[in-house]
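The structure appears right after this line, and notes come after that.
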Amino acid sequence: MTDPERIPVIIGVGQLNDRPDDPDEGRDSLGLMVAALRLAAEDAGVPLAEIDSLAIVDQISFRHLGQLCEPLAAAIGAAPAINYQSAAPHGDTPVRLLNEAANRIGAGEVKLAAVVGGEALRTAAGRAAKAASGEDKSYNAIRKVATRREPDYAQKHGLAAPVDVYPLYENATRAAWGQSLAEAQAESAEIWSRFSQVAAANDGAWIRKAAAPAEILDVNERNRPIAFPYSKLMVANSSVNQGAGFLVASLAEARRRGIAEDRLIYVGMGAAAKEPPSILARDRYDGSVSMETSIRRTLDLNGMTVEDFDCVELYSCFPCVPKMARRILGWPADRPATVFGGLTFGGGPIANYMSHAIVSMVERLRDAGRYGFLFANGGFATDNHCIVLGSAPIAAARFPQDFDYQAEAEAKRGHVPALVEDYAGPATIESYTIFYARDGAPRAGVVVARTPEGARTLAHVDVGDAAMLAFLTDGAAEPVGTSGRVVALDEGFGWRA
């Protein structure tokens, strides 16, 4: 592609932490988005009133605000012809919105596009606390009451939130890679320590204090266990107020506006694929064909190998994700897998983390390096979207492009086992986890088991059984692949060794 009118480049970036002493005095999500876009416009030296397209990453902290398209456009003085908000907040959303902006520029539909997101969970928590104490009765009027739904089969066994599910991948991959528990935890700690070092040097990060691997591994009152084998310092930190956004233009438009060439970051091609929405409809937990497809296809589309990249961002809500991704990409464990600082230290603003990663990648590439690789993950290890950025043109890039490689991923998918919800009898452990209370005591556990016929079923773990708990967590032996029984109980089904 040689027509500068159709070549997408990032021209401006902005991110902020909003951290007043009194949390409920912080900005809301809309305020964070406005501030981030103004920073991006200042960085680019262009007026926000002239954007043709505005794409918003959906947020959860102030749901009562609803659709933010019109309020945000009004706040920045813009009237873009294209103005939309993502359908739901997923971790891959910022990369998808970047890819969509690049496509519109490549198609000649727009010349100047903005992408932004913001999460104000710290503010929301502060206001909720005051409302609960009676100090702030006004906040009760804007709080949304969650609709109670009958839990499904997975939820009845404790598999309700991402922190419950990702340990299934962690424990399954450890076994598949032939690691001991100590080796797997050490790898996680090394990766997370490097994340903390990057965050410590990044003005945009939420926690700017480096942590040694030993600190991440040490389970204590400040680093309590969450879901085996993860502790607090291994999981995303969503108690943040953070906003980030960026501006994308055609190369020709950037030049017309006099933006210096060394400020322009070229957008490469992307690829996306998903796992089935149901975690129990996955073919495996020791890998992800959709992750593999998105990473490998992105390399192919851009005509690159891992040796071409000076830096990467491998999504880091939980250790299993960058550990799987780095093995597919070929990224070594002794190099940082982030430019922002990871979701524990950089901050975990729900779906908008990758906007911060894009901002930091742009800043890094402007300073040093030619190409960077971005891998985004969302949902319950469900959504995957990768893209390449460069301080130099990416010769293979062609826009618009179809970044949906779902059909390719499905062709690679293994057999999905049948699900049996009322099974009792012999079985083997496919994966498992233990859930912990805030005081660090085990409160429940679940085994994902396979029957002799290959079907999949779930069973509760009796955490009062000291021998069983030790077998699953002490690392003396690998539980995955061992045999046991699923037994019928008064309430559901339980696992017995």
Side-chain angles (χ1 to χ4, degrees), residues 1-13 37 40 43-44 46 50-57 80-86 90 92-117 244-257 259 261 263-273 294-295 297-304 309 313 352 354-355 357-362 365-366 370-376 383-405:
M1 180 175 282
T2 57
D3 181 359
E5 299 287 356
R6 304 297 178 93
I7 297 175
V9 291
I10 297 177
I11 61 170
V13 295
L37 281 180
D43 181 57
V46 301
E50 297 179 12
I51 62 173
D52 306 305
S53 172
L54 175 60
I56 301 170
V57 180
I82 298 171
N83 188 0
Y84 68 107
Q85 181 171 307
S86 66
H90 294 283
D92 65 318
T93 300
V95 174
R96 177 169 57 80
L97 297 183
L98 169 59
N99 217 156
E100 290 174 355
N103 275 353
R104 291 191 179 96
I105 289 168
E109 298 172 0
V110 303
K111 296 185 182 300
L112 184 59
V115 177
V116 70
F246 47 92
L247 302 180
V248 189
S250 70
L251 178 59
E253 183 67 15
R255 288 171 172 168
R256 281 192 290 268
R257 293 177 179 272
I259 300 174
E261 294 287 331
R263 303 286 293 171
L264 306 180
I265 298 300
Y266 292 80
V267 182
M269 299 178 75
S294 64
I295 291 173
R297 180 53 65 180
T298 300
L299 294 174
D300 292 343
L301 289 169
N302 291 283
M304 294 180 173
F309 302 116
E313 182 71 49
N352 200 47
M354 289 303 293
S355 290
I358 290 166
V359 170
S360 294
M361 181 73 78
V362 167
L365 291 173
R366 282 174 174 174
R370 285 172 61 82
Y371 300 112
F373 186 95
L374 293 154
F375 162 70
D383 311 295
N384 304 274
H385 201 138
C386 305
I387 205 163
V388 168
L389 298 180
S391 59
I394 299 168
R398 299 288 186 275
F399 295 99
Q401 63 145 146
D402 182 0
F403 53 71
D404 185 350
Y405 284 86

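The analysis underlying the following values was restricted to heavy atoms, covering all of them including side chains, and did not include hydrogens, waters or symmetry mates.
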Is the backbone of [Y] close enough, under 3.5 Å, to the side chain of [X] for a donor and an acceptor to pair up by distance?
| X | Y | value |
| --- | --- | --- |
| N99 | V95 | no |
| T93 | H90 | yes |
| D92 | A376 | no |

Any heavy-atom pair between the side chains of [Y] and [X] that's under 4.5 Å?
| X | Y | result |
| --- | --- | --- |
| T298 | Y405 | no |
| F373 | I295 | yes |
| I394 | M269 | no |
| L251 | Y266 | yes |
| L374 | V388 | no |
| I387 | F403 | no |

Inset, instruction - Flag yes if more than 12 heavy atoms outside R366 fall under 6.0 Å of its CZ atom; otherwise flag no. - result: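 Result for CZ/R366: enclosed.
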
Any chance you could measure [X], atom [atom1], to [Y], atom [atom2], to the nearest 0.5 Å?
| X | Y | atom1 | atom2 | result |
| --- | --- | --- | --- | --- |
| I11 | L247 | CD1 | CG | 5.5 Å |
| I10 | I358 | CD1 | CD1 | 6.0 Å |
| F399 | E100 | CZ | CD | 12.5 Å |
| L98 | N103 | CG | CG | 10.0 Å |
| S391 | I265 | OG | CD1 | 5.5 Å |
| N302 | F309 | CG | CZ | 6.5 Å |

Considering all heavy atoms of both residues, which atom of [X] and which atom of [Y] are nearest to each other, and what is their separation?
| X | Y | answer |
| --- | --- | --- |
| G117 | V57 | CA-CB, 4.0 Å |
| A273 | S294 | N-CB, 4.3 Å |
| P80 | S53 | CB-N, 3.8 Å |
| Q401 | G270 | OE1-N, 2.6 Å |
| R6 | P8 | O-CD, 3.5 Å |

Legend entry - Listed partners of D404 passing side chain to side chain contact (heavy atoms under 4.5 Å, CB included), at least two apart: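 In terms of side chain to side chain contact (heavy atoms under 4.5 Å, CB included), with neighbours along the sequence ignored, D404 is linked to D402, Q406.
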
Output a table of donor-acceptor pairs, distance under 3.5 Å, between side-chain atoms of residues 105-116 and any protein atom two or more places apart or on a different chain; print 'none' if there are none.
{"from": "K111", "atom 1": "NZ", "to": "E5", "atom 2": "OE1", "distance (Å)": "3.3"}

Legend entry - With N352 via side chain to side chain donor-acceptor pair (under 3.5 Å) - residues at least two apart: S355

Inset, instruction - Go through R96 and S86 one step at a time and tell me if the side chain to side chain contact (heavy atoms under 4.5 Å, CB included) criterion holds. - result: CA-CA 10 Å; R96 177 169 57 80; S86 66; 3.8 Å; yes

